Engineer: 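Supplied in structure tokens, the structure appears directly below.
Heavy atoms only: backbone and side chains are in, while hydrogens, waters and symmetry mates are out. It should be emphasised that the depicted structure is a prediction, and the values quoted were computed from it without experimental measurement. Chain A is the first sequence line, chain B the second, and so forth, proteins listed ahead of strands; every chain is numbered from 1.
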2 protein chains.
Amino acid sequence: MNNHLRTLRAERGWSQQDLAERLDVSRQSVNAIETGRYDPSLPLAFKIAELFACAIEDIFVSPSKG
Amino acid sequence: MNNHLRTLRAERGWSQQDLAERLDVSRQSVNAIETGRYDPSLPLAFKIAELFACAIEDIFVSPSKG
DNA sequence: TTCGAATGTGAAGGAGGCTTTACATGGAAA
DNA sequence: TTTCCATGTAAAGCCTCCTTCACATTCGAA
């Protein structure tokens with residue numbers, strides 16, 4: 001599933017490590033999500049959306065909408 | 001994580017089996033999500049939101065918002 | 001009462017999310 | 001060049017998601 005995490009993070013000038021700490025996950029998890037190696041769990045997706053103050057749908061692109 | 005899946009399903013008069021078929025998952029998965037035994041994956045959450053034509057946030061309640 | 005549909009749950013197994021540890025690369029700065 | 005930071009990725013392990021098969025309960029209809 002595609003996502004705009006890297007863009008949002010870069011807009012704020014955060015490193016993957018910075019973001020990981022704000023989300024309370026490992027840097028590797030942030031990296032894996034950004035590089036599309038796997039999708040976050042739903043609770044983590046909520047946390048990400050809340051951190052960036054937007055909807056989950058604004059960050060993650062539904063597979064059906066390519 | 002709380003959700004309104006059972007309500008949405010009931011509003012449409014669908015059985016868990018009906019919903020499972022529309023989502024292409026097992027009836028047990030629908031039951032487990034409705035009864036709160038586990039949260040759906042993000043892709044499945046998207047599929048559910050699309051089926052009910054609303055946002056993920058309208059169906060699933062963020063842990064941080066009780 | 002008997003039947004069938006709907007729901008809840010358990011066990012076991014496969015796939016995926018997330019962790020820690022660890023190593024490699026690239027680029028910017030000293 | 002050397003150092004340091006940011007990033008990418010691999011391995012092993014644990015937990016969660018989702019499956020199938022199976023069984024129990026409840027309830028309404030026949």
Engineer: Could you tell me how far apart B/Asp39 (CG) and C/dC18 (P) are, to the nearest whole angstrom?
Structural biologist: 11 Å
Engineer: Using modelled atom types and a 3.5 Å cut-off, is there a donor and acceptor pairing between side-chain atoms of B/Asn3 and backbone atoms of B/Ile33?
Structural biologist: yes
Engineer: Whole angstrom is fine here: how far is it from NZ in B/Lys47 over to P in D/dC18?
Structural biologist: 11 Å
Engineer: In whole angstroms, how far is the P atom of D/dG8 from the CG atom of A/Leu5?
Structural biologist: 11 Å
Engineer: Take the protein atom CD1 of A/Ile33 and the nucleotide atom C1' of C/dG16, then report the distance between them rounded to whole Å.
Structural biologist: 12 Å
Engineer: What are the atom names and distances for every N/O pair under 3.5 Å that joins the protein to nucleotides 7-10 of chain C?
Structural biologist:
unit_1	atom_1	unit_2	atom_2	d
C/dT7	OP1	B/Arg9	NH1	2.9
C/dT7	OP2	B/Gln16	N	2.7
C/dG8	OP1	B/Arg6	NH1	3.3
C/dG8	OP1	B/Arg6	NH2	3.1
C/dG8	OP2	B/Arg6	NH2	3.4
C/dG8	OP2	B/Gln16	NE2	2.7
C/dG8	OP2	B/Asn31	ND2	2.5
C/dG8	O5'	B/Asn31	ND2	3.4
C/dG8	N7	B/Arg27	NH1	3.3
C/dG8	O6	B/Arg27	NH2	2.9

Engineer: Please walk me through it: do A/Ile59 and A/Cys54 pass side-chain contact (heavy atoms from CB on, under 4.5 Å)?
Structural biologist: CA-CA 8 Å; A/Ile59 304 179; A/Cys54 61; 3.5 Å; yes
Engineer: CG of A/Leu42 versus P of C/dC18: gap in Å, rounded?
Structural biologist: 10 Å
Engineer: I'd like to know if the side chain of A/Asn31 reaches the main chain of A/Gln16, judged simply by a donor and an acceptor atom lying under 3.5 Å from each other, with no hydrogens or angles considered.
Structural biologist: no
Engineer: Taking atom P of D/dC5 as reference, at what distance in whole Å does atom CG of A/Asp18 sit?
Structural biologist: 12 Å
Engineer: Walk me through it: do A/Asn2 and A/Phe60 pass the test side-chain contact (heavy atoms from CB on, under 4.5 Å)?
Structural biologist: CA-CA 6 Å; A/Asn2 253 352; A/Phe60 298 94; over 6 Å; no
Engineer: B/Ser41 side chain N/O closer than 4.0 Å to the phosphate oxygens (OP1, OP2) of D/dT16?
Structural biologist: no
Engineer: Distance check needed: D/dC5 P versus A/Glu21 CD, whole Å only.
Structural biologist: 13 Å
Engineer: Please tell me if A/Ser26 has a side-chain N or O lying less than 4.0 Å from either OP1 or OP2 of C/dC18.
Structural biologist: no
Engineer: Report yes if the side chains of A/Asp24 and A/Lys47 come closer than 4.5 Å at any heavy-atom pair, otherwise no.
Structural biologist: yes
Engineer: Listing request: all salt bridge (charged side-chain N to carboxylate O under 4.0 Å, His left out) pairs with a residue in residues 25-34 of chain A, at least two apart in sequence or in separate chains.
Structural biologist: A/Arg6-A/Glu34, A/Arg9-A/Glu34
Engineer: Whole Å only: how far is the CG atom of A/Leu44 from the P atom of C/dG16?
Structural biologist: 18 Å
